[in-house]
Number of protein chains: 2
Amino acid sequence: MTNKPQFTTEVRRLANVAKALSHPVRIYILQKLSKMNSCCYSGDLVEELPVSRSTLSQHLKELKYAGLIQGEINPPYIKYCINRKNWEKAREIFNEFLNESSGEISCETTDYLIHK
Amino acid sequence: MTNKPQFTTEVRRLANVAKALSHPVRIYILQKLSKMNSCCYSGDLVEELPVSRSTLSQHLKELKYAGLIQGEINPPYIKYCINRKNWEKAREIFNEFLNESSGEISCETTDYLIHK
DNA sequence: TTTATATTTCGCAAAGTTACGAAATGATTT
DNA sequence: AAATCATTTCGTAACTTTGCGAAATATAAA
C-alpha cells in the first residue's frame with residue numbers, strides 16, 4: 001500500500017506564485033510596476049500590450065487575486081501598484097528555492113537530453 | 001491605430017520558466033534534484049508524490065522540454081538530474097526580475113485591494 | 001440628463017493542462 | 001522465447017486558461 005503524501009505549504013506557495021507569473025502579459029505588468037520607484041502607474045497599459053482591454057483586465061484581476069498588485073481607485077482612473085509586502089514575500093521564497101541548490105557540478109553533465 | 005507590440009525575449013523566457021514551475025509536482029521534483037549534491041536521483045519519485053506513474057512521467061517530460069532537467073539512461077533505470085546550465089540561467093533571470101525593483105516604499109501602501 | 005471615458009463583468013469559443021489506466025517500449029533475467 | 005521490470009506513450013475525460021466583443025457599471029463633463 002503506497003503512501004501518497006500531500007505537498008508542503010512551501011511547495012504549494014511556490015507553485016501558486018509561479019502560476020501567477022506564467023504569462024507574458026503578467027510578467028510585463030509586474031516588471032513595469034516593480035521598477036517604478038514612484039509606486040503607482042496610471043497610464044494606459046493596453047497600448048503597450050498585444051491584448052484587448054477585457055483580456056488585460058482579466059490578467060490584472062489574477063495578479064490582484066494572487067496578491068501581487070493593488071489597484072487604487074481615483075475615478076474614473078485606476079492606479080496600479082505592486083503590493084510591496086507580498087512581492088517581497090514572493091521574492092524571498094523564490095530566492096530560497098532557486099539559490100538553495102548545491103552549487104556542486106558533478107555527474108558529467110551533458111547539455112542535451114539523452115533521452116530521445 | 002493602436003500600436004500592438006510584441007513581448008521581448010526576456011519577458012517570454014521568464015513566463016516560460018514560470019510556467020514550468022507552476023505545478024506542485026514539478027516544484028517538488030526541482031527542489032529535490034537541485035538540492036542533491038550527488039546530482040542525480042533515480043529513486044522511485046512516484047512513491048513520494050500524490051500522482052500516478054503516467055502523470056509523473058508527463059511532468060518530467062515537461063521539465064525536460066523546458067530544459068530544466070536531464071534524464072540519463074542506465075537501463076532499465078533512468079537517473080534524473082538538474083540541467084545545471086539552464087538552472088543557472090533560470091536563476092539569473094529570476095533574480096534579476098525579482099530583485100531589480102526599486103526597494104523604495106512610498107505612496108501609502110494599503111494591505112488590501114481597494115477595488116472590490 | 002445626455003454623452004463620453006475608463007474599466008470590469010458576462011458569455012462564449014478555442015486551446016491547453018492535468019489526470020488516469022491501459023497498451024507499448026525496451027532492456028534484463030530466467 | 002517468455003516473463004519481468006521501469007518507464008513512456010496513447011486515448012480520453014474533466015477542468016482551466018486565454019481571448020474576444022458586447023453589455024454593464026460608474027463617474028465626470030457638457
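The chains referred to below are lettered A, B, ... by the order of the sequence lines, with proteins before strands, and numbering in each begins at 1.
When the C1' atom of C/dT8 is taken as reference, atom NE2 of A/His59 falls 15 Å away, rounded to whole Å. In this structure, CG of B/Asp44 is placed 13 Å from P of D/dC5, rounded to the nearest angstrom. Between the C1' atom of D/dT7 and the CD atom of B/Glu47 lies a distance of 15 Å, rounded to the nearest Å. Here D/dT8 presents its C1' atom at 13 Å from CD1 of B/Ile69, a figure rounded to the nearest Å. A/Leu21 has its CG atom 16 Å from the C1' atom of D/dT17, to the nearest Å. The distance from atom CD1 of A/Ile29 to atom P of C/dT7 is 12 Å, rounded to the nearest whole Å. Here the P atom of nucleotide D/dT17 and the CG atom of A/Asn16 are 10 Å apart, to the nearest Å.
With sequence neighbours excluded, the residues that form a side-chain hydrogen bond (donor to acceptor under 3.5 Å, both in side chains) with B/Ser54 are B/Ser52. Not counting sequence neighbours, A/Asn16 has no partner by the side chain to side chain contact (heavy atoms under 4.5 Å, CB included) test. The side-chain hydrogen bond (donor to acceptor under 3.5 Å, both in side chains) search around A/Ser57 returns none, not counting sequence neighbours. Listed by chain and number, the residues in a salt bridge (Lys or Arg N to Asp or Glu O under 4.0 Å) with A/Glu88 are A/Arg91 (sequence neighbours excluded).
Side-chain nitrogen and oxygen atoms of A/Lys79 include none within less than 4.0 Å of the OP1 or OP2 phosphate oxygen of C/dA6. The side chain of A/Lys64 places an N or O atom within less than 4.0 Å of a non-bridging phosphate oxygen (OP1 or OP2) of C/dT8.
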Dump the intermediate steps for ring pair (Phe, Tyr, Trp, His ring centres under 6.0 Å) on B/Trp87 and A/Phe97, then the final yes or no.
-> CA-CA 11 Å; B/Trp87 183 247; A/Phe97 173 62; 5.5 Å; yes
Pairwise N/O distances under 3.5 Å, protein to nucleotides 21-23 of chain C:
unit_1 : atom_1 : unit_2  : atom_2 : d
C/dG21 : N7     : B/Ser54 : OG     : 3.1
C/dG21 : O6     : B/Ser54 : OG     : 3.2

Could you list the protein-to-nucleotides 14-17 of chain C atom pairs, N/O on both sides, closer than 3.5 Å?
unit_1 : atom_1 : unit_2  : atom_2 : d
C/dT17 : OP1    : B/Lys19 : NZ     : 2.8

Table please: side-chain donor-acceptor pairs of residues 23-31 of chain A below 3.5 Å, with sequence neighbours left out.
unit_1  : atom_1 : unit_2  : atom_2 : d
A/His23 : ND1    : A/Val25 : N      : 3.0
A/Arg26 : NE     : A/Ala20 : O      : 2.9
A/Arg26 : NH1    : A/His59 : ND1    : 3.0
A/Arg26 : NH1    : A/Glu62 : OE2    : 3.2
A/Arg26 : NH2    : A/Lys19 : O      : 3.3
A/Tyr28 : OH     : A/Glu48 : OE1    : 2.5
A/Gln31 : NE2    : B/Glu10 : OE2    : 3.4

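Other residues, nucleotides and ligands contribute more than 12 heavy atoms inside 6.0 Å of the NZ atom of B/Lys32.
Of the inter-residue distances, the one linking B/Ile69 atom CD1 with B/Arg84 atom CZ reads 12.5 Å to the nearest 0.5 angstrom.
Scanning all heavy atoms of the two residues, the minimum distance from B/Ala90 to B/Leu68 falls at CB-CD2, 4.2 Å.
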